[in-house]
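Chain letters run A, B, ... following the sequence lines, proteins first, then strands; residues in each count from 1. Predicted model only: the values in this text are computed from it and were never measured.
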Amino acid sequence: MSIRINIKRQENGAKEAYWQSFEYSGELHVSIGTLINNLNSEMLEKDEGERPIRFDCSCEQGLCGACAMVVNEKPVLSCQLFCDDLVQENNEITIHPLSKFPVISDLAVDRSQMFEVMKDMKLWLEEPAKVRTANLTLQYEVSQCLMCGSCLEVCPNYSLGELFTGMSSAMSMTNLTLLSEDKAYKKQYTQRVYDGCSKSLACQEVCPMDIPIVEAISKMNRVSVWGMWNMFTKLR
Amino acid sequence: MKNILVMGSGLAGMTAALKLVEEGAAVTLVSPAYSERAQSVMAMGGINAALNTKQENDSVDEHFADTMRGGSDLNDPEAVANLVQRAPEIIRWLEEIGVNFTRDEKGRVDLRNFGGQKKKRTAYAGARTGKQIATAIIAKCRKYEAAGQIKRLTGWRFHSLLIEGQECAGAVLLHENTNELQSLVADAVIMAVGGPNGVFGKTTGSRLNDGYAAGMLLEQGVEFSNLEMIQYHPTTVHTPSKRMLITEAARGVGGRLYVIREGQPWYFMEEWFPGYGALMPRDVVSQSIYKVCNEMKLGINGSQEVYLDVSHLSPEIIDVQLDEVVSICSKFLNVNPYKEPIPVAPGIHYFMGGIKTDKDHTTNLARLFAAGECSAQYHGANRLGGNSLLGAICGGWVAAESSLLVGPMDKAAAEKIGEQQLETANQELQHWEKRANTSIKGYVQIKQELSELMYGAMGIYRKERQLLEAKKRLEEMNNDTAESWYHHHFYEYKTLSANILLARGMVESALARKESRGAHQRIDYSEKNDTQFKKSTNAVFLNNSICIEFN
Ligand SMILES: Cc1cc2nc3c(=O)[nH]c(=O)nc-3n(C[C@H](O)[C@H](O)[C@H](O)COP(=O)(O)OP(=O)(O)OC[C@H]3O[C@@H](n4cnc5c(N)ncnc54)[C@H](O)[C@@H]3O)c2cc1C
Ligand code: FES
């Protein structure tokens with residue numbers, strides 16, 4: 001069986017983006033990442049000077065977040081999604097880079113902003129961690145965040161450079177809040193997450209690590225926003 | 001204030017950076033991608049420390065003895081003594097910075113069994129120890145990044161060392177996407193670039209660890225030790241993209257290895273090694289699987305695979321401790337480990353050999369240090385599961401401490417070397433750009449051939465003839481690369497010749513060691529020979545050839 005792969009390409013940030021289609025008739029129980037590698041090998045075999053498709057990858061087993069991209073309109077880790085699962089209804093696969101970040105080349109994007117904002121928000125522990133075994137499971141889950149950017153792709157409120165920083169930073173804030181008695185994270189949370197989040201919860205659907213985002217933000221809402229509000233009403 | 005350049009931002013690079021800034025140095029931390037993408041996050045099983053909380057009378061001395069025994073005495077005993085001594089302190093530090101270790105019923109860091117060690121000594125964080133440790137250390141680094149004390153250069157690769165006489169004076173860096181080059185002068189350089197997976201193509205590790213840096217360092221005169229010591233993890237599974245690890249924890253919690261003999265499951269490890277069973281050190285398990293499949297021809301359907309069975313364990317244990325195993329099996333193999341055995345075979349997993357360092361992590365070049373998987377000191381001929389995360393963190397600390405002791409440098413001379421080498425690097429780049437239209441056929445073939453050649457000659461069992469053939473072929477390939485050209489990516493183009501050189505170092509080291517020890521098993525020299533070879537191989541590149549000595 002031959003399938004059609006459409007890939008949005010762009011040599012670099014300064015060049016125009018374009019779509020390119022490939023016919024593929026190789027093995028289908030392969031991940032999208034392997035599929036792209038196979039397309040590249042075919043291209044290199046032919047040796048017609050065509051530029052291989054660039055994308056980021058490192059672990060190739062869903063542990064590092066490098067390879068996130070949008071496949072058939074859904075952000076995924078390309079090393080974790082299999083072609084045969086996709087082509088059951090439709091013989092076509094469409095791939096484009098995460099759209100909220102500047103393109104470096106083809107499917108590789110510059111996610112540095114996600115990391116930079118966490119510095120601005122001072123997301124680190126100032127004091128030794130407090131161990132409360134009751135919190136351990138949630139801490140563990142939110143610490144699994146790969147910083148892949150999938151949640152930001154589907155978020156109706158996130159765009160690069162705005163105040164709202166989205167769930168990747170919120171997961172770190174949750175971990176730090178649970179590990180400490182520091183109020184600073186809660187304040188950051190209120191300003192940079194709570195106030196901008198319209199609770200579409202699209203993020204929960206796409207998180208490749210199945211992090212319980214809803215549980216994490218409910219917890220944060222309880223301890224930061226409503227906690228403060230309670231205090232405020234008491235004072236009044 | 002000292003200015004230190006750290007190459008690589010996995011656990012070794014980050015802990016070095018942290019130690020350095022805490023002591024008041026300024027750090028530049030270079031890596032092709034953020035730390036979240038480093039191989040360190042892939043570690044699942046755990047990290048060793050003799051915390052002795054399981055009423056088993058464990059001790060630092062026993063951790064020392066197991067590590068030396070596992071490494072067949074090629075490990076540096078002074079370095080190992082420091083490693084095991086510091087291990088409990090490292091776990092306490094990790095707790096303090098917020099690593100979410102799994103806890104026992106008393107709320108203490110839980111410990112479990114890992115290969116090559118009879119005592120429960122491996123601390124772990126669910127099924128994702130490396131990731132959980134990395135998350136905490138990344139947050140810790142962030143504080144100093146915000147303060148400007150750690151400057152991250154992400155997207156950049158080590159290109160070459162600046163060498164002035166017998167001293168390292170900094171490095172040239174290459175930006176992978178833009179081909180921009182820059183030279184940075186530093187009081188010291190710490191290499192923490194991880195293992196050279198790229199030489200073999202498919203391993204259990206990360207694509208980012210392509211082996212370029214090690215090959216380049218060898219070319220520049222840095223000494224390497226025990227390059228022949230390559231660990232085959234006994235339980236990996238084949239997938240189209242890579243070999244995937246089934247964690248040793250699967251055997252640690254009671255998983256069993258078997259093949260079918262005369263219609264019945266035969267638990268060969270338990271029969272051959274009562275006491276340890278499937279938890280023998282990795283080299284022994286891999287060799288046993290080799291024997292079962294090749295000498296006894298009992299592999300699954302005549303293949304190199306045997307069964308790993310966890311289906312007799314309680315579903316709760318599998319849920320909690322082996323969730324990653326479940327996910328790999330269901331996604332990539334269509335196997336349900338709650339019910340069925342998993343077909344596994346040995347695959348390349350860890351490089352014990354690397355940049356030669358002493359217990360202080362100094363190399364043969366002044367002002368150059370190395371830590372983590374790219375370096376060699378702690379693991380000898382075979383590393384114990386759980387000792388490499390420990391080695392990466394401890395190594396980062398020690399390398400940082402040692403690098404702070406270097407004396408003042410001749411800045412002007414260093415700057416001059418920096419300019420010269422940057423110029424040379426730029427010329428090479430221009431030359432590459434000019435030849436952009438040459439055919440790349442040779443390149444693709446050579447890359448494939450390299451991987452096949454290395455898997456063949458440097459397998460679990462090695463033979464003189466095959467090694468000699470590989471040596472000859474690698475030398476020819478080295479000449480061929482001068483004719484082949486990869487015009488799509490300058491860094492990838494450079495990586496090929498660096499890989500071939502490092503491969504030559506590995507093959508020559510394996511040829512020179514005419515005995516069997518740890519991960520290095522020779523069919524033609526099947527015995528351990530302590531009189532001649534209880535020493536490390538030392539590989540240097542001199543006058544266009546690799547010289548091997550033992551010391
Ligand atoms: C699947 C798997 C499971 C494992 N499980 C365990 C375990 O349970 N316990 C244990 O102790 N060990 C385990 N290990 C081994 C352990 O993870 C590694 O040995 C350890 O993390 C190495 O750390 P490191 O800092 O030396 O290197 P890495 O984490 O590999 O980091 C290398 C860094 O160098 C960078 N780099 C690469 N090339 C260049 C270049 N040219 N220039 C600049 N930077 C460069 C990389 O991007 C990265 O930042 C496991 C390994 C694998 C693959
Ligand atoms: S390559 Fe690491 S998550 Fe896909």
Side-chain angles (χ1 to χ4, degrees), chain A residues 12 27 29-31 33-34 37-38 41 44-45 47 49-52 54 56-66 79-80 82 104-105 108 110-112 114-115 118-120 122-126 128-131 133 135-137 139-140 142-148 172 175-176 179-180, chain B residues 32-34 36-39 41-42 44 95-103 107 125-126 128 130-132 135-136 139-146 152 154-155 177-178 204-209 239-242 244-245 324 327-328 331-332 334 436-437 439-441 443-444 486-489:
Chain A
N12 57 48
E27 170 63 41
H29 188 63
V30 294
S31 68
T34 304
N37 283 331
N38 290 349
S41 305
L44 291 175
E45 291 284 304
D47 196 13
E50 191 153 12
R51 196 169 56 80
R54 283 286 313 276
D56 281 327
C57 84
S58 166
C59 70
E60 299 174 285
Q61 59 184 103
L63 299 172
C64 81
C79 65
Q80 292 291 289
F82 286 80
I104 293 171
S105 182
D110 176 3
R111 283 169 280 192
S112 53
M114 282 175 78
F115 297 84
M118 293 172 73
K119 283 197 242 168
D120 301 344
K122 302 194 169 34
L123 298 186
W124 56 76
L125 281 179
E126 288 289 0
K130 295 254 175 329
V131 182
T133 33
N135 291 337
L136 211 57
T137 309
Q139 283 164 208
Y140 177 89
V142 295
S143 299
Q144 298 284 68
C145 174
L146 300 179
M147 301 287 287
C148 65
S172 173
N175 188 34
L176 296 169
L179 281 170
S180 70
Chain B
Y34 285 94
E36 280 80 353
R37 323 283 185 235
Q39 180 169 306
V41 303
M42 300 171 70
M44 300 163 194
E95 277 191 86
E96 194 181 298
I97 66 168
V99 176
N100 300 306
F101 282 115
T102 302
R103 305 267 158 179
R128 298 280 164 77
K131 173 66 184 168
Q132 293 288 325
T135 300
K140 188 91 186 147
C141 286
R142 192 175 289 135
K143 174 175 174 173
Y144 299 102
E145 288 168 43
R152 262 188 199 264
T154 305
N177 295 318
T178 60
T204 59
S206 152
R207 287 270 162 205
L208 292 172
N209 295 353
T239 76
S241 58
K242 67 179 296 190
M244 235 171 249
L245 176 75
E324 183 61 32
S327 124
I328 290 175
K331 251 184 235 150
F332 290 89
N334 261 331
N437 290 325
S439 168
I440 55 162
K441 273 246 158 66
Y443 174 89
V444 179
Y486 188 65
H487 57 252
H488 295 296
H489 206 266

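Shown here for B/I328 and B/L245, the closest heavy-atom pair between the two residues is CD1-O, 3.5 Å.
Checked by atom type, the side-chain pair A/N175/A/Q139 shows no donor-acceptor distance below 3.5 Å. B/Q132 and A/Q144 share a donor-acceptor pair across their side chains, judged by distance under 3.5 Å alone.
With a 4.5 angstrom heavy-atom cutoff, B/F101 touches chain A only via backbone atoms. The parts of A/L146 that come within reach of chain B are both its backbone and its side chain, each placing non-hydrogen atoms under 4.5 angstrom from that chain. Interface remark: A/S112 contributes backbone and side-chain atoms alike to the contact with chain B (heavy atom separation under 4.5 Å).
Most heavy-atom pairs under 4.5 Å with chain A: of the set B/K331, B/R207, B/R142, this distinction falls to B/R142. Note on B/A33, B/P240, B/A125, B/G130: by heavy-atom pairs under 4.5 Å with chain A, the leading option is B/A125. Residue with the most contacts toward chain A among B/M42, B/R128, B/R152: B/R128 (heavy-atom pairs, distance under 4.5 Å). When each of B/M44, B/K131, B/M244, B/E95 is scored by its heavy-atom pairs under 4.5 Å with chain A, the top score falls to B/K131.
The ring-ring contact (aromatic ring centres under 6.0 Å, His included) check on A/H29 picks up A/F82, with sequence neighbours excluded. Taking B/N209 as the reference, B/Q39 meet the side chain to side chain donor-acceptor pair (under 3.5 Å) condition, with sequence neighbours excluded.
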